[in-house]
2 protein chains.
Amino acid sequence: MSFSTKGEYGVRLMVQLGRHYGAGPASLAEIATEEALPRPYLEQLVMSLRDAGLVVSTRGAHGGYELARAPEEIRMADILRALEGPIAPMICASEDEAPDHQHACDRTARCSVNLLWVRIRDAISGTLEGMTLADLVPQRTSLVEPQPAARTATTPEPLGV
Amino acid sequence: MSFSTKGEYGVRLMVQLGRHYGAGPASLAEIATEEALPRPYLEQLVMSLRDAGLVVSTRGAHGGYELARAPEEIRMADILRALEGPIAPMICASEDEAPDHQHACDRTARCSVNLLWVRIRDAISGTLEGMTLADLVPQRTSLVEPQPAARTATTPEPLGV
DNA sequence: ACTAATCCCGACGGAATCACTCGGAATTCG
DNA sequence: CGAATTCCGAGTGATTCCGTCGGGATTAGT
């Protein structure tokens, strides 16, 4: 039960882009150095992020990548979905299932276990939907005027245990 | 981002044991047939469950496995931890970390990303802690005298999204 | 126009993990 | 005794992960 390095590296990449936000494109070489990650590998990750419309690229010398919109406007759910695919702790609880169509599991009497995976999926996507990239970017002191209300407001609720 | 078949098959195994609860040990051969799963594979899964104290075994002829306690008393969190190891969406957010000791990640300035993984971890373990095996066992009609109060009582609440 | 920087993109490969299988020893019931 | 069953470690084919490699296209500076 864990995310792959795609998710990890990709999020770290996005956080770096969040720090550079508003200061023009940042090259992959810079980011790879700052985060001590293999640049060729980041290349394929950033492709997914670009295809998802989360970052925009500038080609040529002094080119690079930058966020497509403000960190506050980018939900972590979108980032991780772009990197890891649909959030599904189990095949029979994927997000992109044809809702009326068959489940993958036609096992023993309507698969009561499905409830479990659906609950887990909703818990994950719920917290991911409630966080934005801004929650992870170490304080962007005085770049855009900080609005501390937003950060606490996004937190859903303490969630029982 | 998904659980392995260990989690899936193991949970299904436990649900079957939940149905047989109170009726003596059930052999793996039975369960493998009922769920259409490879019996030799279930063998290694049930070992983990036994080591975790969730099931008890009876050796020899007419032996088998049964739940160590009532389905209402077995949290899904315990089952999945036994099967899949500690719940950790990322290495730097494992449940069994030495809290005062180092994090695995000493990356760029105290790893603000860690917050993300911790939130996800807590969301997962929260829902898992709030569910018991009884929530997944299709109604235990008239095996042991049914107590419908317990079944609805264990269900925590609809859980927002 | 040339060069250096950078993104773009597909293919390849070693290593790890997954999802089992196999064979047999130990234990218990009839 | 013999059949049923748990116990347990070792082995294995396929798949996925985690990158690497090589080169092509695009742009800024000079």
Side-chain angles (χ1 to χ4, degrees), chain A residues 1-13 16-17 20 23-68 80 83-85 88-91, chain B residues 1-13 16-17 20 24-68 80 82-85 88-91:
Chain A
M1 165 48 228
S2 64
F3 286 90
S4 70
T5 57
K6 281 185 198 150
E8 186 190 354
Y9 296 176
V11 168
R12 279 162 64 181
L13 193 160
Q16 284 294 334
L17 289 184
H20 288 211
S27 75
L28 270 194
E30 291 177 58
I31 295 175
T33 305
E34 290 181 73
E35 288 286 337
L37 296 176
R39 194 203 43 153
Y41 190 36
L42 290 186
E43 280 189 15
Q44 39 182 251
L45 302 187
V46 84
M47 292 297 179
S48 312
L49 296 168
R50 187 202 48 179
D51 293 346
L54 300 175
V55 306
V56 293
S57 64
T58 309
R59 304 186 65 168
H62 301 124
Y65 297 92
E66 53 195 319
L67 296 182
L80 282 171
L83 292 164
E84 302 260 355
M90 194 56 48
I91 341 96
Chain B
M1 165 48 226
S2 63
F3 286 89
S4 69
T5 57
K6 279 184 197 152
E8 184 188 356
Y9 295 177
V11 167
R12 280 162 63 183
L13 193 161
Q16 284 294 334
L17 290 184
H20 288 213
S27 76
L28 271 194
E30 290 177 59
I31 295 175
T33 304
E34 289 180 75
E35 288 285 336
L37 295 175
R39 195 203 42 150
Y41 190 36
L42 290 186
E43 279 189 16
Q44 42 183 244
L45 301 187
V46 81
M47 291 299 179
S48 313
L49 296 167
R50 187 202 50 181
D51 292 348
L54 300 175
V55 306
V56 293
S57 63
T58 309
R59 304 186 65 169
H62 301 122
Y65 298 91
E66 53 195 318
L67 296 182
L80 282 171
L83 292 164
E84 302 261 354
M90 195 56 47
I91 342 93

Integer-rounded Å distance: [N] [atom2] and [X] [atom1]:
X: A/Arg39; N: D/dT20; atom1: CZ; atom2: P; answer: 10 Å
X: B/Met1; N: D/dT16; atom1: CE; atom2: P; answer: 17 Å
X: B/Leu45; N: D/dC8; atom1: CG; atom2: P; answer: 15 Å
X: B/Leu83; N: C/dA19; atom1: CG; atom2: P; answer: 12 Å
X: A/Asp51; N: C/dG10; atom1: CG; atom2: P; answer: 10 Å
X: B/Glu30; N: D/dT5; atom1: CD; atom2: P; answer: 8 Å
X: A/Leu37; N: D/dG19; atom1: CG; atom2: P; answer: 8 Å
X: B/Leu13; N: D/dT6; atom1: CG; atom2: P; answer: 10 Å

Under 4.0 Å from OP1 or OP2 of [N]: is there any side-chain N or O of [X] that close?
X: A/Thr5; N: D/dC18; result: yes
X: B/Tyr9; N: C/dC20; result: yes
X: B/Ser57; N: D/dC7; result: yes
X: B/Tyr65; N: D/dC7; result: yes

Output a table of nitrogen or oxygen pairs between the protein and nucleotides 10-14 of chain D separated by less than 3.5 Å.
none

Please identify each residue that fulfils side-chain contact (heavy atoms from CB on, under 4.5 Å) with [X], with sequence neighbours left out.
X: A/Pro38; value: A/Pro40, A/Tyr41
X: B/Ala82; value: B/Leu49, B/Ala52, B/Leu54
X: A/Ser27; value: A/Ala29, A/Glu30
X: B/Ser2; value: none

Subject >> Closest to the A/Arg50 side chain, choosing from C/dC7, D/dC18, C/dC8 >> reply: C/dC8

**OP:** Indicate for each nucleotide in nucleotides 24-30 of chain C, in 5' to 3' sequence, whether protein heavy atoms under 4.0 Å reach the base (B), only the sugar-phosphate (S), or nothing (-).
**Re:** --BBBSS

Original post:
Counting only N and O atoms by type, is there a donor-acceptor contact under 3.5 Å from the side chain of A/Arg50 to the main-chain atoms of A/Ser57?
Top reply: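 The answer is no, because no donor-acceptor pair under 3.5 Å joins these two groups.
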
Subject >> Donor-acceptor pair, side chain of A/Glu8 and main chain of A/Phe3, under 3.5 angstrom >> reply: no

Subject >> Contacts of type side-chain hydrogen bond (donor to acceptor under 3.5 Å, both in side chains), residue B/Thr33, not counting sequence neighbours >> reply: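 So B/Thr33 forms no side-chain hydrogen bond (donor to acceptor under 3.5 Å, both in side chains) with any residue.
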
Original post:
Which pairs with one or both residues in residues 58-68 of chain B pass side chain to side chain donor-acceptor pair (under 3.5 Å), sequence neighbours excluded?
Top reply: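 Qualifying pairs: none.
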
Original post:
Reckon B/Pro40 touches a base, only the sugar-phosphate, or nothing at all at heavy-atom distances under 4.0 Å?
Top reply: base

**OP:** For side-chain contact (heavy atoms from CB on, under 4.5 Å), just list the numbers for B/Leu13 and B/Glu35, CA-CA rounded to whole Å, side-chain angles, deciding distance to a tenth of an Å, and then say yes or no.
**Re:** CA-CA 8 Å; B/Leu13 193 161; B/Glu35 288 285 336; over 6 Å; no

